[in-house]
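A short worksheet on the structure shown next.
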Number of protein chains: 2
Amino acid sequence: MASEGPISPAEDKVREESPDELRRSKEAFISHWGEMGSSWGVPRSMAEIHALLFIEGRPLCADEIMDRLQVSRGNVSTTLRQLADWGIVTRVRLRGDRKDHFQAEQDVWTLLSLIVRARKRRELEPLLAALDDASSIAREDVASAADPRAAKEHLARLESMQDALKRLDRLSDRFIGRGGKGLDVAVRLLTSLL
Amino acid sequence: MASEGPISPAEDKVREESPDELRRSKEAFISHWGEMGSSWGVPRSMAEIHALLFIEGRPLCADEIMDRLQVSRGNVSTTLRQLADWGIVTRVRLRGDRKDHFQAEQDVWTLLSLIVRARKRRELEPLLAALDDASSIAREDVASAADPRAAKEHLARLESMQDALKRLDRLSDRFIGRGGKGLDVAVRLLTSLL
DNA sequence: GCGAACTTTCAGAAGATTCTGAAAGTTCGC
DNA sequence: GCGAACTTTCAGAATCTTCTGAAAGTTCGC
């Protein structure tokens, strides 16, 4: 292509690829996803970078992300690493290009599973560990306490919280365990049962 | 010093009520709950105030919360209002006391349902509305687009995200709908099925 | 209607998080 | 081993969120 005409800046690469409406729609998706992320404690630019990769569907390199979202190279690099750690973005090498490219998981249920898994590890599990400690200390304390009644009630509260969270934890292990479609299956199942 | 004076600061009010171990255990719970909250986008002090009310189990007034957590009156007031909006804390009037008192929901499954409900309203639903708009625009665009192939793929991506989120939305309606124990039931059900 | 008791509001301060960009690091072909 | 292409790191800047506290608002008994 670009065969003979010397350099006709805009037209020669007749970029049907972004006919404005499409571009606007992508941008809307990116903003909303970023918005949602930020209310769930995910840095806005992280959510946006993910949204861009998801909605483009093809592997993009750092420079393209910087251009499209107007964020710094450092930010892009750090964020892509984190997204890769979560497993929702993968590094892809394109033949003939030394740049790293990145591609987002395209299956939505797999995506959601991976997100759940990552957050569970980082946030739910440490809390459960702490509750375990807290309640075993409280359990010992029931015997020796000056006010055993109060100690017992306290223990009961801790344990009810612990039980519920443990149950959710075990449940999510099964949903997201091997496969990836676990969540999808579970949701369909429940929808039909309830 | 101050050994024989009429005021013997600590000992005279032999407070069995907080035998140190109990107090420490409560404080540990409060910190961890606060920690978790803050990684899920809930202000730390909001999560802590809730944790305090939950773990005490009895109605507390603003002053007691301020003392225990060392936060300002303004913060306590604002936060209690929000917790009440979420429905996980209720305002209680105690006979003979003009102060408002606040009490946290004690049933953990009800608590979790209420949290899910609140966040769904504030965050999931607006996103769904936006996706609806985005995909109907994209749908119209498929006809007129310069590159219908690209437009179709884009629409497919939007819709797959929309479908999954809608399904979760409907599902959570049922879980949390009337009752409060919906979540509990669903979790037990799934645990036995999967 | 007045004052005391209590609560809410909100502008600005304090604090936390996120982002930038340039320098250091890595990798690769030659 | 060298330089070009690319990536990562991280100190400090920019930004966003949360918190404080004092003033304004409300409610209630009298």
Side-chain angles (χ1 to χ4, degrees), chain A residues 30-31 33-53 59-86 89-103 118-119 122-123, chain B residues 30-31 33-53 59-86 89-103 118-119 122-123:
Chain A
I30 292 168
S31 307
W33 196 245
E35 187 58 29
M36 149 134 300
S38 92
S39 70
W40 283 86
V42 176
R44 184 182 301 266
S45 74
M46 183 175 177
E48 287 188 346
I49 288 172
H50 171 255
L52 171 60
L53 292 174
L60 307 195
C61 66
D63 295 278
E64 196 166 356
I65 297 172
M66 291 166 61
D67 286 353
R68 290 278 289 269
L69 303 179
Q70 305 286 12
V71 293
S72 72
R73 183 179 300 283
N75 189 355
V76 170
S77 166
T78 304
T79 299
L80 285 172
R81 152 114 80 157
Q82 290 177 117
L83 290 171
D85 286 348
W86 283 25
V89 151
T90 38
R91 197 175 293 249
V92 169
R93 325 227 72 211
L94 255 45
R95 313 185 278 118
D97 194 339
R98 259 176 83 176
K99 286 177 187 146
D100 283 344
H101 287 243
F102 296 84
Q103 182 163 235
R119 303 213 71 168
R122 282 202 296 124
E123 287 132 18
Chain B
I30 293 167
S31 307
W33 196 245
E35 186 59 27
M36 149 133 301
S38 91
S39 70
W40 283 86
V42 176
R44 184 182 301 265
S45 76
M46 182 175 181
E48 286 188 348
I49 289 173
H50 171 256
L52 172 61
L53 293 174
L60 306 195
C61 67
D63 295 279
E64 196 165 358
I65 297 172
M66 289 167 62
D67 286 353
R68 290 278 288 271
L69 302 180
Q70 305 285 14
V71 294
S72 73
R73 183 177 299 284
N75 189 355
V76 169
S77 167
T78 303
T79 299
L80 285 173
R81 153 114 80 155
Q82 291 177 115
L83 290 171
D85 286 347
W86 284 25
V89 151
T90 38
R91 198 174 294 248
V92 170
R93 324 227 74 209
L94 257 44
R95 311 184 278 119
D97 194 339
R98 259 177 82 177
K99 284 176 186 148
D100 282 343
H101 288 245
F102 295 84
Q103 183 163 234
R119 302 214 72 170
R122 282 202 297 122
E123 287 133 20

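Below, chains carry the letters A, B, ... as their sequence lines are ordered, and counting in each starts from 1.
- Rounded to 10 degrees, the angle between the two end axes of the helix from C/dG1-D/dC30 to C/dC30-D/dG1 is 30°, with five pairs used at each end.
- Residue contacts for A/Thr78: at a heavy-atom cut-off of 4.0 Å it reaches a base atom on one of the strands shown.
- Along DNA chain D, the nucleotide closest to A/Asp97 and the one closest to A/Arg44 are compared, and the more 5′ of them pairs with A/Asp97.
- The minimum heavy-atom distance between B/Arg119 and A/Ser39, with the atom names listed, is NH2-O, 2.8 Å.
- Put simply, the side chain of A/Glu35 reaches to within 4.5 Å of the side chain of A/Arg44, judged on heavy atoms.
- The shortest non-hydrogen separation linking A/Glu48 to A/Gly34 is CG-CA, 3.9 Å.
- Scanning DNA chain C 5' to 3' for nucleotides with an atom closer than 4.0 angstrom to a non-hydrogen atom of chain B gives a first and last hit of C/dA4 to C/dT9.
- Place A/Ser72 and B/Phe102 on DNA chain C by their nearest nucleotides, and B/Phe102 ends up nearer the 5' end.
- In this structure, A/Ala47 and A/Gly37 approach most closely via the heavy-atom pair CB-CA, 4.1 Å.
- Here the side chains of B/Leu80 and B/Asp100 are not in contact, with every heavy-atom distance at 4.5 Å or above.
- Using a 30° and 60° split on the angle between ring planes, A/His50 and A/Trp33 fall in the tilted class, from 30° to 60°.
- When all heavy atoms of B/Arg73 and B/Asp63 are compared, the pair lying nearest together is NH2-OD1, 2.9 Å.
- A/Leu83 and A/Met46 get closest at one heavy-atom pair: CD2-CE, 3.6 Å.
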